Amino acid sequence: MDKTKFDTCFFERYAMISLTSLLGERYACLENKDRPDLQAPDHSIGIEVTRAMEENKTVADSLLLEMAGIIEPEDDEEAEDDIKNIIDSGYAYGLRGGKYVGSIEYSYWALALPLRRIIASKVEKVNSGFYGEFADFGLYVFCKDHLSEEEVRLAVTYTSDLQNGLKVCYNTMYLSLIDRLYVCDMKNGIISHNEISREMCRRFFKNALQGQVSV
């Protein structure tokens with residue numbers, strides 16, 4: 001029987017869908033490749049996608065539910081089908097009362113380090129040439145922590161300080177929270193955001209799942 005695989009590219013697809021939906025057709029040309037994760041064929045845009053969260057199963061569960069727009073599972077009448085879809089995808093942990101359901105690529109979450117460390121690592125890599133040559137580099141971070149506007153500003157300042165004097169830098173940092181996507185212009189320090197409704201979360205999540213290949 002064919003079974004949909006909840007592979008690591010799910011996050012890249014989710015990011016690409018959210019960028020195109022929220023920021024426009026400029027991002028519609030992106031392809032899911034490697035080094036960096038999302039690329040324009042003409043190398044005009046290259047975006048690395050990562051996650052900033054603590055390295056444990058409970059946090060992984062919570063982030064996955066939030067990405068699906070499920071905030072309070074026990075009080076959400078629509079959550080039943082969404083949770084079933086997550087479990088059927090083959091990637092689920094404790095979505096029911098802490099019960100262990102099963103997992104695919106749990107070790108992948110070990111790559112999702114808290115925000116400061118993941119930013120430092122990615123800044124070092126882009127400057128080293130690890131991601132190749134692109135006219136406009138972006139860093140898209142799924143944030144488990146619900147950052148305040150001040151914390152977003154601190155993240156931008158921290159990143160700018162790290163990039164000071166480097167030849168190759170991120171031009172834009174995208175901080176993806178449960179209810180908004182922050183777009184941080186690293187050249188001039190301007191921070192804007194787009195609100196993300198619960199229904200938009202559900203749509204992004206389902207579309208990203210449907211983009212997977214049956215194996």
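Since the model is a prediction, treat every value here as computed from it, not as a measurement.
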Parallel, tilted or perpendicular: ring planes of Phe142 versus Phe11, cut at 30 and 60 degrees: perpendicular
Close side-chain approach of Met173 to Ile119, heavy-atom, < 4.5 Å: yes
Nearest 0.5 angstrom please: Ile178 CD1 to Cys201 SG, how far? 4.0 Å
Less than 4.5 Å apart, any side-chain heavy atom of Glu48 and any of Phe137? no
Counterpart residues, side-chain hydrogen bond (donor to acceptor under 3.5 Å, both in side chains), relative to Glu25 (two or more places apart): none
Backbone N/O of Glu133 and side chain of His43: donor-acceptor pair under 3.5 Å: yes
Could you tell me whether a side-chain N or O of Tyr170 sits under 3.5 Å from a main-chain N or O of Val126, the two making a donor and an acceptor? no
Can you see which heavy atom on Glu195 is nearest to which on Leu22, and at what distance? O-CD2, 3.9 Å
Before accepting this row, confirm whether a basic side-chain N of the pair Asp37/Arg13 lies closer than 4.0 Å to the acidic partner's carboxylate O. no
Keeping to residues at least two apart or across chains, list the salt bridge (charged side-chain N to carboxylate O under 4.0 Å, His left out) pairs with something in residues 150-164. Glu150-Arg153
Using atom types as modelled and distance alone, determine if a side-chain donor or acceptor of Asp185 lies under 3.5 Å from a backbone N or O of Ile190. no
Would you mind reporting whether Val152 and Ser148 have side-chain heavy atoms less than 4.5 Å apart? no
If every non-hydrogen atom of Ala135 is compared with every non-hydrogen atom of Ser44, which pair is closest and at what distance? CB-O, 3.7 Å
Could you check whether any side-chain heavy atom of Tyr158 comes within less than 4.5 Å of a side-chain heavy atom of Arg116, counting everything from C-beta outward? yes
Return the NZ to OG1 distance between Lys125 and Thr50, rounded to the nearest 0.5 Å. 8.5 Å
Can you tell me if Glu124 has over 12 outside heavy atoms packed within less than 6.0 Å of its CD? no
Could you tell me whether the side chain of Ser18 and the main chain of Ala15 form a donor-acceptor pair under 3.5 Å? yes
Do Arg26 and Leu19 have side chains that get closer than 4.5 Å, going by heavy atoms? no
Shortest non-hydrogen contact from Pro36 to Phe134? CD-CE1, 3.3 Å
Do Leu38 and Glu12 touch side chain to side chain, with heavy atoms closer than 4.5 Å? yes
How long is the span from the NZ atom in Lys167 to the CG atom in Asn127, to the nearest 0.5 Å? 9.0 Å
Within the 6.0 Å centroid threshold, strictly below: Tyr140 and Tyr14: no
Audit row: Met186, Cys169, side-chain contact (heavy atoms from CB on, under 4.5 Å) steps and yes/no: CA-CA 9 Å; Met186 302 306 299; Cys169 302; over 6 Å; no
Please give me the minimum heavy-atom distance between Ala208 and Phe10, naming the atom from each residue. CB-CE1, 3.4 Å
Do side-chain atoms of Gln39 reach the backbone of Ile45 as a donor and acceptor pair under 3.5 angstrom? no
Value rounded to 0.5 Å, distance of CZ in Arg180 from OG in Ser197: 13.0 Å
Taking it one step at a time, do Leu147 and Leu177 satisfy side-chain contact (heavy atoms from CB on, under 4.5 Å)? CA-CA 8 Å; Leu147 305 177; Leu177 280 62; 4.1 Å; yes
Given the rule in the side-chain contact (heavy atoms from CB on, under 4.5 Å) test, do Phe204 and Ser21 qualify, once you have shown the distances and angles that lead to the verdict? CA-CA 9 Å; Phe204 296 167; Ser21 298; 3.6 Å; yes
Of all heavy-atom pairs between Leu30 and Ala40, which one has the smallest distance, and what is that distance? CD2-N, 3.7 Å
Should Leu154 and Leu139 be counted in the same cluster of Ile, Leu, Val, Met, Phe, Trp and Tyr side chains packed under 4.5 Å apart? no
Exam field: side chain Ser121 to backbone Ile118, donor-acceptor pair closer than 3.5 Å: no
What pair of heavy atoms forms the shortest contact from Ala120 to Leu162, and how long is it? CA-CD1, 3.7 Å
Qualifying residues under side-chain hydrogen bond (donor to acceptor under 3.5 Å, both in side chains), relative to Asn194, sequence neighbours excluded: none
Does any part of the side chain of Leu181, heavy atoms only, come nearer than 4.5 Å to the side chain of Leu175, both counted from C-beta? no
Does the side chain of Val183 reach to within under 4.5 Å of the side chain of Ile191, using non-hydrogen atoms? no
Looking only at atom types and distance, does a side-chain atom of Thr20 sit under 3.5 Å from a main-chain N or O of Met16, one as donor and one as acceptor? yes
